[in-house]
Amino acid sequence: MENIFHKLAKKILRGSATDAERHFMDTYYDAFDNIEGREEVLTSEEQTTLRNQIDKRIQIYIQRKNTVRFRKWLPYAAAAIILAAVGTWAFFLYNREKLPTDPILAAEEILPGGHRATLSLADGRVIDLSETQTGIVIAEDNITYNSGDTLLLKPSETLMLTTPKGGIYQITLSDGTNVWLNAASTLTYPSRFDDAERVVRVSGEAYFAVVKDKSRPFKVNSSGQTVEVRGTEFNISAYPAENETKTTLVEGKVKISNLESQISNLLKPGEQAVISGSTMNIAKVDVVPYTAWKDGFFYFDNVPPRVAIEQVARWYDLEVSYEGNMPATFVFGMVDRAKPLSAVLNSFAKSGLNFEIRQNGSKKQLLVSENK
C-alpha cells in the first residue's frame, strides 16, 4: 500500500499526475479528515475497520490481477476501490438530511449490468447464455462455457454473440483469440476460420487479444474501417449512434484502413486512430481510460459529460434525456462498475450536472440537466 501512495505522491510532486490521480488523493485524504472530524458518525474503531477493509480489498486485487499489464495501472485500481469504499460511504453519511429529496437517491436502487448475452445461430435459433458464466469457447465440434460445461454440439457455420444494455461477455474463438464484448455490442464470426484469413465483424465495443498466426491475418470489420493484425491487443469502439470509430492499440501493431477514403495507416502501441467519414486522425493516448471497462471500471479522464453519461447509460440500461444546455465542463474519475448507479453519479458531483431517475413503463430514464 505504501508503495502505491508513494508513487502517486512522486507523480504529483513532479507535476506529471493526471487529474484523476490528483482527484483520487484529494478524495482519499478529505474523506478520512471528514470522518475523523465526525466522531458521532464513526468511532475510532470504525475508522480503523474501514481502513482495514480498503487494504484488504486492494490486496485481493493484487493477488487476483497479478499480471504485468495490471501492475502498470495498479494505482488506478486502488483509486477505484478507495473511491467506492470511502467516497460513496462518506457522501451518504454526511448528506443524510438531503436523502428524502436528492434525485441521486433513486439511483441507489439501480444495479449494474452483468454477464448477459445471446448466441444467434445461422438456422435462426437464439440461445440465452447463462448469467452465472463469464464467457464461451468455440471449439471444432462444440461450444462450451468457460467452466467447461457444454452449451452446443456441432455449431453452425456463422455465429453472432450479442450483449444487451447492461451486458458483457467474453468469447474464445476457434483460433484461440479472446474477445471481450462490452454492453450493447455484437460480434459476428465463423465457427471455424478458413486457411487464408480470419475475419470477424464488431458493432459496439470490443477488446481483442489476437493469437499470432503469420500465415493468416486477423481482420476486424467495423463501422467505416477494417483493422488487420497478425497478433496483438487492441480496443475498438464503434457504436452505431456515435459519429466516430476509435481503435486504441495496447500492444503489437495494427493496420487501419478507412473504407471511405481508402487511406491506411499503421498504429503503434499507445496510439489511437479515430475515423469519422473519410477522415482518420492518429494520436498518442493513455490506453487505460479506453480499456478499463474490460477490467471492471469506468475511467473518465477529462471527457465531455455526454460521452461519460452514454457509457453509464449502456451499462445500467438507461434511456437518457437532456434538458437545457450541458455545462462547459469535463468529467473525470474512476469508479468500480460493480457499484450501483449512485456511486457513478456521485463521482459527477463537481461537474455541474443534475440527475433524476424516472420510471417509464418497464424502462428507466435518466434526466440530465445543468445544476443551477
Side-chain angles (χ1 to χ4, degrees), residues 16 18 20 67-73 76 170-173 175-182 185-189 193 196-295 297-304 307 310-311:
S16 60
T18 66
T67 64
V68 174
R69 188 181 307 111
F70 185 81
R71 287 196 296 270
K72 289 180 180 178
W73 60 285
Y76 298 103
Q170 185 263 334
I171 180 173
T172 302
L173 301 177
D175 67 334
T177 290
N178 285 306
V179 185
W180 288 261
L181 210 56
N182 204 352
S185 302
T186 298
L187 179 73
T188 305
Y189 57 95
F193 292 113
E197 59 183 6
R198 300 168 288 168
V199 182
V200 300
R201 181 170 185 84
V202 66
S203 174
E205 186 166 25
Y207 185 96
F208 291 83
V210 179
V211 170
K212 293 182 179 179
D213 187 339
K214 295 182 178 179
S215 64
R216 293 189 302 170
F218 192 99
K219 294 182 180 179
V220 182
N221 294 319
S222 57
S223 179
Q225 72 172 28
T226 295
V227 178
E228 182 177 337
V229 303
R230 282 176 170 77
T232 184
E233 296 195 19
F234 56 96
N235 191 82
I236 292 180
S237 179
Y239 284 102
E242 298 179 356
N243 296 324
E244 298 177 334
T245 298
K246 297 178 180 178
T247 303
T248 309
L249 183 60
V250 177
E251 61 182 56
K253 292 182 180 180
V254 301
K255 178 183 177 183
I256 307 286
S257 299
N258 186 311
L259 298 180
E260 184 173 326
S261 65
Q262 298 299 309
I263 295 175
S264 297
N265 280 294
L266 292 176
L267 283 189
K268 298 177 182 178
E271 290 185 338
Q272 181 185 78
V274 179
I275 286 182
S276 179
S278 61
T279 66
M280 180 191 301
N281 295 310
I282 297 176
K284 190 78 173 177
V285 299
D286 178 2
V287 302
V288 176
Y290 301 97
T291 61
W293 66 267
K294 181 179 73 70
D295 295 291
F297 299 103
F298 289 109
Y299 185 165
F300 307 120
D301 190 6
N302 286 333
V303 300
V307 174
E310 290 302 322
Q311 292 184 36

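Worth saying up front: this structure is predicted, and the values here are computed from it rather than measured.
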Can you tell if the side chain of [X] reaches within under 4.5 Å of the side chain of [Y], non-hydrogen atoms only?
X: Phe234; Y: Val220; result: yes
X: Val200; Y: Phe193; result: yes
X: Leu266; Y: Lys253; result: no
X: Trp293; Y: Asn235; result: yes
X: Asp175; Y: Asp213; result: no
X: Tyr189; Y: Val179; result: no

Of Gln170, Glu233, Lys294, which meets side chain to side chain donor-acceptor pair (under 3.5 Å) against Tyr207?
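Answer to the side chain to side chain donor-acceptor pair (under 3.5 Å) test with Tyr207 among Gln170, Glu233, Lys294: Glu233.
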Under the criterion side chain to side chain donor-acceptor pair (under 3.5 Å), which of Gln272, Glu271, Gln225 is the partner of Thr247?
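Answer to the side chain to side chain donor-acceptor pair (under 3.5 Å) test with Thr247 among Gln272, Glu271, Gln225: Gln225.
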Between Phe297 and Val288, does a side-chain contact (heavy atoms from CB on, under 4.5 Å) hold up when you go through it step by step?
CA-CA 10 Å; Phe297 299 103; Val288 176; over 6 Å; no
What heavy-atom pair brings [X] and [Y] nearest, and what distance separates the two atoms?
X: Ala273; Y: Ile256; answer: CB-CG1, 4.2 Å
X: Glu228; Y: Pro217; answer: OE2-CB, 3.7 Å
X: Pro240; Y: Ser203; answer: CG-OG, 3.5 Å
X: Glu244; Y: Ser276; answer: CG-CB, 4.2 Å
X: Ser223; Y: Thr245; answer: O-OG1, 2.9 Å
X: Ser237; Y: Glu242; answer: OG-OE1, 4.1 Å

Measuring from atom [atom1] of [X] to atom [atom2] of [Y], what distance do you get when rounded to the nearest 0.5 angstrom?
X: Ser264; Y: Leu259; atom1: OG; atom2: CG; result: 9.0 Å
X: Ser257; Y: Asn221; atom1: OG; atom2: CG; result: 10.0 Å
X: Ile171; Y: Leu181; atom1: CD1; atom2: CG; result: 8.5 Å
X: Glu310; Y: Tyr239; atom1: CD; atom2: OH; result: 10.5 Å
X: Leu267; Y: Lys284; atom1: CG; atom2: NZ; result: 10.5 Å
X: Ile275; Y: Ile282; atom1: CD1; atom2: CD1; result: 8.5 Å

Quick check against the 3.5 Å criterion: does Thr177 have a side-chain atom that pairs as donor or acceptor with the backbone of Val211?
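Yes, the answer is positive, given that a donor and an acceptor are paired below the 3.5 Å cut-off.
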Asn258 (side chain) donor-acceptor with Thr279 (main chain) under 3.5 angstrom
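Pair found, side chain donor or acceptor close to backbone of Thr279.
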List the steps, then state whether side-chain contact (heavy atoms from CB on, under 4.5 Å) holds for Gln311 with Val303.
CA-CA 11 Å; Gln311 292 184 36; Val303 300; 5.7 Å; no
How would you list, by chain and number, every residue that makes a salt bridge (charged side-chain N to carboxylate O under 4.0 Å, His left out) with Glu197, sequence neighbours excluded?
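Here the qualifying residues are Lys219.
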NZ/Lys214: more than 12 non-hydrogen atoms of other groups inside 6.0 Å
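Counting neighbours around NZ of Lys214, 12 or fewer heavy atoms of other residues, nucleotides or ligands fall under 6.0 Å, so no.
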